[in-house]
Every structure is written in C-alpha cells, then in structure tokens.
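Model, not experiment: these values are computed from the prediction. Residue numbers start at 1 and run along the sequence shown.
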Amino acid sequence: MTTNTTTTGMSSTAVDTAAGIAEGEAARTRLDFAKAAPKAFRALVGFDAAARSALDPALAELIQIRASHLNRCAYCLHMHTNDARKAGESEDRLHLVAVWREARHFFTPRERAALALTEAVTLIADAGVPEALYAEAAAHFTEEELGHVLALILAINTWNRVALATGKVAGTDERRR
C-alpha cells in the first residue's frame, strides 16, 4: 500500500484519519457525560484511579483492552492501546490480546488469569464467573490485588458503557484536552 504525502507533510492516510476523527466528533450529538453529570463522572474517575492503584500499569491496560474488545468500544480500545504502548507494551502483545488463549506463550499465567476473569465478569450474563476460573485468578493474586482487578474490570465496563451510550468517537481522547 502506498500513501501520498500532502503539502503539510502528513500522509494522505493520516489526513484522511484526522479528517474522519474531526468529522465524527463534529457529528456527535449526544450528551457530554462529564458536563451533564459531573459528580457521577468525578466519582467514576476516582473509582478508576483507586482500582488501578495496586496494579501493574501494563496489566491494567491489558484488562481494559480485553474488556473494550468484548464490549466493542472503539473509543476505549484506542485510548488503552495507546496508553499500553506508552507504558512499553509490545505491538505483538497488543495485537494478540483478543486471541490470548491461542497465543498463551505471549502472556504470563498471571495475565492469563486476569484476562479470563475480565472475560467472565464482562460477559457475566452468559455464564456467571465459574468457580474454577475464580480460583485460578485467586491463585495468582493476593486478596487485595484480586479486589483491585475486579474493581478495574467493573470500572472499564462502566467506562465502555458511558462511551458507547454517549457516542464517543475513537481517536478523540478527551483526557488530553
């Protein structure tokens, strides 16, 4: 695939992407959750920060990426893959999070336990959280860590629902504004 370079020095693909993001953001007509419910928004930000406080940042991003895959939240997936890269996560692992069971050797047993728990909690209506799966996670985390893993899974599922319900546009990370 070839891309053309514009007079601004950006490739035509980058210009098209930037234009698409701007168009998507301009077309958004749903409410701004942070402005409409500031107390709830701040509480969620605080809950998220508390959840991640006892976790390795790379593990936290893997959890958020997997839940965002399952919830089909492009906004959060874009945000957390970028955050994972900044935290030093490899492209290989980022590409394989969605199929971690088939790429087990890319992830530690602890990460696999967290990813399995993330899937079970995110898709809880399907089969609950099976006892064996919970026991596997409990074997890899202290009680405090497991509490934080669960809290982060709950937080990202809430963020995914906020982003999807309010029509957030992937590529418009509002934390940077």
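- Look at Lys86 and Glu61 and you find no salt bridge, because none of the NZ, NE, NH1 or NH2 atoms lies under 4.0 Å from a carboxylate O.
- Enclosure of atom CZ in Phe33 by more than 12 non-hydrogen atoms of other residues, nucleotides or ligands within 6.0 angstrom is indicated.
- Taking 4.0 Å as the cut-off between side-chain N and carboxylate O, Arg110 and Glu136 do not count as a salt-bridged pair.
- Nearest heavy atom pair, residue Ala137 against residue Leu146, reads CB-CD1, 4.0 Å.
- Arg85 has a carboxylate O that lies under 4.0 Å from a charged side-chain N of Glu91, or vice versa, which qualifies the two as a salt bridge.
- The other residues sharing a hydrophobic cluster with Leu94 are Leu62, Ile65, Leu77, Leu96, Val97, Val99, Trp100, Phe106, Phe107, Leu115, where clustering joins ILVMFWY side chains under 4.5 Å apart.
- Listed for the Asn71 side chain is no donor-acceptor partner under 3.5 Å among the backbone atoms of Cys73.
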>> Does Tyr75 form a side chain to side chain contact (heavy atoms under 4.5 Å, CB included) with Asn160? I'd like the steps, not just the answer.
In response: CA-CA 8 Å; Tyr75 178 83; Asn160 289 164; over 6 Å; no

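- The line from CZ of Arg93 to NE2 of His95 is 13.0 Å long, rounded to the nearest 0.5 Å.
- Side-chain contact between Leu70 and Leu123 is present, with heavy atoms from C-beta onward closer than 4.5 Å.
- Salt bridge annotation for Glu119-Arg101: present, with a cationic side-chain nitrogen under 4.0 angstrom from a carboxylate oxygen.
- Both Ile124 and Ile153 sit in one connected hydrophobic cluster of ILVMFWY residues. Membership requires side-chain heavy atoms under 4.5 Å apart, directly or through other members.
- The CG atom of Leu117 sits 8.5 Å away from the OG1 atom of Thr122 when rounded to the nearest 0.5 Å.
- Between Ala165 and Arg30 the shortest heavy-atom distance is O-NH1, 3.0 Å.
- In plain terms, the two heavy atoms of Glu89 and Ala58 that are nearest each other are OE1-CB, 4.0 Å.
- Atom OG1 of Thr172 sits about 8.0 Å away from atom CE of Met79, to the nearest 0.5 Å.
- Rounded to the nearest 0.5 Å, atoms CG (Asn157) and CG (Leu152) are 9.5 Å apart.
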> Would Phe141 and Leu59 count as a side chain to side chain contact (heavy atoms under 4.5 Å, CB included) if you check the C-alpha gap in whole Å, the side-chain angles of each, and the deciding distance to 0.1 Å?
Replying inline: CA-CA 12 Å; Phe141 295 95; Leu59 178 64; 3.6 Å; yes

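- Side-chain contact check for Gln64 versus Thr81: every heavy-atom pair is 4.5 Å or farther apart.
- The CZ atom of Arg42 lies 7.5 Å from the NZ atom of Lys39; values are rounded to the nearest 0.5 Å.
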> Going through the distances and angles, do Ile156 and His80 end up as a side chain to side chain contact (heavy atoms under 4.5 Å, CB included)?
Replying inline: CA-CA 10 Å; Ile156 189 57; His80 291 295; 3.7 Å; yes

>> Checking His148 against Arg52 for the side chain to side chain contact (heavy atoms under 4.5 Å, CB included) test, could you report, in this order, the C-alpha distance in whole Å, the side-chain angles of both residues, the deciding distance, and whether it holds?
In response: CA-CA 7 Å; His148 283 267; Arg52 69 179 56 248; over 6 Å; no

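- Ala113 approaches His140 most closely through the heavy-atom pair CB-CD2, 3.7 Å.
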